Colleague: 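Handing you a structure now.
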Amino acid sequence: MSKKIGIIGSGFSSLSAACYLAKDGYDVTIYEKNETIGGRARQYIKDGFTFDIGPTWYWMPDVFERFFEDFGMKSSMFYSLNKLDPAYQVYFDALDTITIGDSLEKIYKVFEEEEKGSSRHLKKFIKTAEDNYNVAIKDLVYNPGVSPLELVNAKTIKRLSQFFSTISKDVRKTFKSPKLIAILEFPVLFLGAKPSDTPSFYSFMNYADFGLGTWHPKGGMYSVIEAIKKLAITLGVSIKTNAPVQKIVVKNKNVEGVIINDELIKLDIVLSGADYHHTETLLENTYRQYSEKYWESKTFAPSSLLFYVGFDKKIENVEHHTLFFDVNFDEHAKAIYDSPKWPDSPLFYASFPSKTDTGCAPEDSEAGIFLIPLAPGLKDTKDIRETYFDKIIARFEKLTNQSIKDAILFKKSFCVNDFIEDYNSYKGNAYGMANTLLQTAFLRPKLKSKKVNQLYFTGQLTVPGPGVPPALISGKLCAELINKFN
């Protein structure tokens, strides 16, 4: 008789783990507290408009392909992909923009136009970034984070110095244009830390950006969730929604099951893809691995203030992905990491998926998603949200030379309180624990509990880190670890 595994949560890492475990013959059930699956990657639909609530960037397509190939499949069997051209647009002032195209040649040309000689430096930078990508994404991140020796091999020894410099230092000693610096520092924000705190080795994110490009799955990122759900069900996974786990039951250091809606469900193994900190609060104190002091000492990736907006007209002078870097990057970063507070002048990001995916909005309308990165744990009120919406829309109108506020049909916001309420997210963080030097690989919270037998963890607070591709990898790593000990 196959062992029964209960998986808490239904985000990318949980769904990934469920597929691998079901393939290996386990009896797998996912328990999701919300009405719909997807975790942070859920979907919001209203009046013919469709929004991804969470991730909107499809980077590292090779990681997605590697996942589906593990099951003898291809992503194209589930959803269609469109490589965006331009990948994204960056505003630095009114109608002063830089557009990143869909090929390195286009990007080299844009850099050269901005700063003479920079394309030569960029080619060298991207070659190093590609080499790092091949080491990191094709090798290192597929390790379970149980030993420092996972980071030591012939390839990483050659790159040792890159762990003691930073992205910011490397970029700033080579490029002079503040605009190009901002563009090169931007991708590491996906890792959840300041460029000045991110090791040089993580330049592989620049290769993910420029070398592999930005893609859009038709229907949005939720179509990927639906694809993995379909695969999971085919493999025999059961999925229960509206099933919040109240407690993980442990007896003599062994998992006995979980309590859901006041009912004990007996299990042989429990795997949590929910927030790691929250999961440990479901245990008796004696079985928790990490103290509140531990979590307080860690550097968390930002939270976010998000707005999902339906417009009754097409929005001009923007692309599918548009970044607004018209204010001081360092000041905003300080408000997130150094002295946590609401930023005075926030950078923000806007996504208009209906620019390339007509199914996301009715005809002659536009679906808009606006995001402001924030420090986790900030005071979150309706009035504060409205104040910041007005701030960014006023700047948006000025920078893009158009009026859009009168075209708003509706808007929905999502912020710190919602991350806590919907995802039990520690301090309302949006992206997990940052990938700084001292929070990398074996230095992150462990996939396997040290105190409870048959209790495992997956997701963005553990190995390998924040982001959708790492979440898929995390699920695979955890499934492999479970197999090793069962």
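Values below: all heavy atoms of this structure, side chains included; hydrogens, waters and symmetry mates excluded. Bear in mind the structure is a predicted one, so any value in this text is a computation, not a measurement.
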Colleague: Return all side-chain donor-acceptor pairs below 3.5 angstrom for residues 474-486, not counting sequence neighbours, or 'none' if the list is empty.
Modeller:
unit_1 : atom_1 : unit_2 : atom_2 : d
Ser474 : OG     : Thr458 : OG1    : 2.8
Ser474 : OG     : Gly459 : N      : 3.0
Ser474 : OG     : Val463 : O      : 2.7
Lys476 : NZ     : Asp70  : OD2    : 3.1
Asn483 : OD1    : Tyr26  : OH     : 3.0
Asn483 : ND2    : Asp24  : OD2    : 2.5
Asn486 : OD1    : Lys3   : NZ     : 2.8
Asn486 : OD1    : Gln454 : NE2    : 2.6
Asn486 : ND2    : Gln454 : OE1    : 3.4
Asn486 : ND2    : Ile482 : O      : 2.7

Colleague: Do Tyr431 and Phe419 have their ring centres less than 6.0 Å from each other?
Modeller: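 No: the rings miss the under 6.0 Å criterion.
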
Colleague: Please list, chain by chain and in numerical order, all residues satisfying ring pair (Phe, Tyr, Trp, His ring centres under 6.0 Å) with Tyr456, sequence neighbours excluded.
Modeller: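 Tyr456 satisfies ring pair (Phe, Tyr, Trp, His ring centres under 6.0 Å) with no residue once adjacent residues are dropped.
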
Colleague: If you round to the nearest 0.5 Å, how far is CG of Asp197 from OG1 of Thr436?
Modeller: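 Between atom OG1 of Thr436 and atom CG of Asp197 there are 7.0 Å.
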
Colleague: Using the six-membered ring wherever Trp is involved, compare the ring planes of Trp342 and Tyr388 and label them parallel, tilted or perpendicular (cut-offs 30° and 60°).
Modeller: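 Correct class here is tilted.
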
Colleague: With sequence neighbours left out, write down each residue that passes ring pair (Phe, Tyr, Trp, His ring centres under 6.0 Å) with His321, or none if nothing qualifies.
Modeller: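 Once residues adjacent in sequence are excluded, the partners of His321 under the ring pair (Phe, Tyr, Trp, His ring centres under 6.0 Å) criterion are Trp57, Tyr349.
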
Colleague: Could you tell me if Ser203 and Asn132 have a donor-acceptor pair between their side chains, going purely by distance under 3.5 Å?
Modeller: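 Distance-only check passes for Asn132 and Ser203.
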
Colleague: Under a plain distance cut-off of 3.5 Å, with no hydrogens placed, do Ser272 and Thr279 share a side-chain donor-acceptor pair?
Modeller: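 Short answer, yes.
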
Colleague: What is the distance from atom NZ of Lys341 to atom CG of Leu374, rounded to the nearest 0.5 Å?
Modeller: 13.0 Å

Colleague: Pairing donors with acceptors under 3.5 angstrom, does anything connect the side chains of Glu32 and Thr241?
Modeller: no

Colleague: What pair of heavy atoms forms the shortest contact from Pro217 to Ser223, and how long is it?
Modeller: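 Here Pro217 and Ser223 meet closest at CB-OG, 3.6 Å.
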
Colleague: Ignoring hydrogens, what is the shortest heavy-atom contact between Cys360 and Pro353? Give both atom names and the distance.
Modeller: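 Here Cys360 and Pro353 meet closest at SG-CB, 3.9 Å.
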
Colleague: Of the non-hydrogen atoms in Arg444 and Gly465, which two are nearest, and what is the gap between them?
Modeller: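 What the structure gives for the nearest pair is NH2-CA, 3.6 Å.
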
Colleague: Between the side chains of His277 and Glu292, is a donor N or O closer than 3.5 angstrom to an acceptor N or O?
Modeller: yes

Colleague: To the nearest 0.5 Å, how far apart are CD1 in Ile384 and CG in Leu305?
Modeller: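 Rounded to the nearest 0.5 Å, the CD1-CG separation comes out at 10.0 Å.
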
Colleague: Between Thr198 and Thr166, is there a side-chain heavy-atom distance shorter than 4.5 Å?
Modeller: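 Side chain of Thr166 against side chain of Thr198, heavy atoms only: no contact under 4.5 Å found.
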
Colleague: Please report the shortest heavy-atom distance between Met60 and Leu212, naming the atom on each side.
Modeller: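 Closest heavy-atom pair between Met60 and Leu212: CA-CD1, 4.3 Å.
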
Colleague: May I ask you to check if Arg66 and Tyr142 form a cation-pi contact, with NZ or CZ under 6.0 angstrom from the six-membered ring centre and within 45° of the axis?
Modeller: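 Positive - Arg66 is close enough to the ring of Tyr142 and near enough to its axis.
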
Colleague: About how many Å separate OG1 of Thr214 and CG of Leu84, when rounded to the nearest 0.5 Å?
Modeller: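 If I round to the nearest 0.5 Å, the distance is 6.5 Å.
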
Colleague: Between Thr356 and His320, do the side chains contain a donor N or O and an acceptor N or O under 3.5 Å apart?
Modeller: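 Yes - a donor-acceptor pair under 3.5 Å links their side chains.
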
Colleague: Please name all residues satisfying ring pair (Phe, Tyr, Trp, His ring centres under 6.0 Å) with Tyr31, sequence neighbours left out, ordered by chain then number.
Modeller: none

Colleague: Is there a donor in the side chain of Tyr423 and an acceptor in the side chain of Arg42, or the other way round, less than 3.5 Å apart?
Modeller: yes

Colleague: Would you say Ser14 and Ile8 make side-chain contact, with heavy atoms under 4.5 Å?
Modeller: no

Colleague: Do Tyr88 and Phe186 have ring centroids that are under 6.0 Å from one another?
Modeller: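 Ring-ring flag for Phe186/Tyr88: true, centres closer than 6.0 Å.
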
Colleague: List the atom of Met221, the atom of Pro55, and the distance in Å for their closest heavy-atom pair.
Modeller: CG-O, 3.2 Å

Colleague: Would you tell me whether Thr281 and Arg288 have side-chain atoms, one donor and one acceptor, within less than 3.5 Å of each other?
Modeller: no

Colleague: Does Tyr308 have its ring centroid less than 6.0 Å away from the ring centroid of Phe410?
Modeller: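 Judged by ring-centre distance (under 6.0 Å), Tyr308 and Phe410 do not meet the cut-off.
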
Colleague: Could you report the tightest heavy-atom contact between Phe352 and Ala350, atom names first, then the distance?
Modeller: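 That closest heavy-atom pairing would be CE1-CB, 3.7 Å.
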
Colleague: When you check the side-chain N and O atoms of Tyr58 and Asn82, is any donor under 3.5 Å from an acceptor?
Modeller: no

Colleague: Below 4.5 Å, heavy atoms only, C-beta onward: do His332 and Ile372 meet side chain to side chain?
Modeller: yes

Colleague: So do the side chains of Ile228 and Phe68 get within less than 4.5 Å of each other, counting heavy atoms only?
Modeller: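 Yes, side chains in contact.
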
Colleague: Within the 4.5 Å heavy-atom criterion, are Trp59 and Pro187 side-chain neighbours or not?
Modeller: yes

Colleague: Considering only NZ, NE, NH1 and NH2 on the basic side and carboxylate oxygens on the acidic side, decide whether Glu296 and Lys427 come within less than 4.0 Å.
Modeller: yes

Colleague: Does a donor on one side chain sit under 3.5 Å from an acceptor on the other, for Glu263 and Asn261?
Modeller: no

Colleague: What I want to check is whether the side chains of Asp52 and Thr56 have a donor and an acceptor closer together than 3.5 Å.
Modeller: no

Colleague: Would you mind writing out the side-chain donor-acceptor pairs for residues 231-239 within the sub-3.5 Å range, not counting sequence neighbours?
Modeller:
unit_1 : atom_1 : unit_2 : atom_2 : d
Thr234 : OG1    : Lys230 : O      : 2.8

Colleague: Any Lys/Arg nitrogen of Lys411 or Glu386 sitting under 4.0 Å from an Asp/Glu carboxylate oxygen of the other?
Modeller: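 Yes, Lys411 and Glu386 are salt-bridged.
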
Colleague: Can you tell me if Gln43 and Thr50 form a side-chain donor-acceptor pair at under 3.5 Å?
Modeller: no

Colleague: List for me each residue that meets side chain to side chain contact (heavy atoms under 4.5 Å, CB included) alongside Tyr337, sequence neighbours excluded, and say none if there are none.
Modeller: Lys194, Thr299, Pro302

Colleague: Using 30° and 60° as the class limits, which term best fits the ring planes of Phe324 and Phe348: parallel, tilted or perpendicular?
Modeller: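 Ring orientation of Phe324 relative to Phe348: parallel.
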
Colleague: Counting only heavy atoms not in Lys247 (residues, nucleotides, ligands), do more than 12 fall under 6.0 Å from its NZ?
Modeller: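 Incorrect, the count does not exceed 12.
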
Colleague: Once you round to the nearest 0.5 Å, how far does CD1 of Ile7 lie from NZ of Lys240?
Modeller: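 Interatomic distance, Ile7 CD1 to Lys240 NZ, rounded to 0.5 Å: 14.0 Å.
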
Colleague: May I ask you to establish whether Lys412 and Phe307 are in a cation-pi arrangement, using a distance under 6.0 Å from NZ or CZ to the six-membered ring centre and at most 45° from the ring axis?
Modeller: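 No; the conditions do not both hold, so Lys412 does not lie above the ring face of Phe307.
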
Colleague: Are the ring centres of Phe49 and Tyr44 closer than 6.0 Å?
Modeller: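 So the answer is no for these two rings.
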
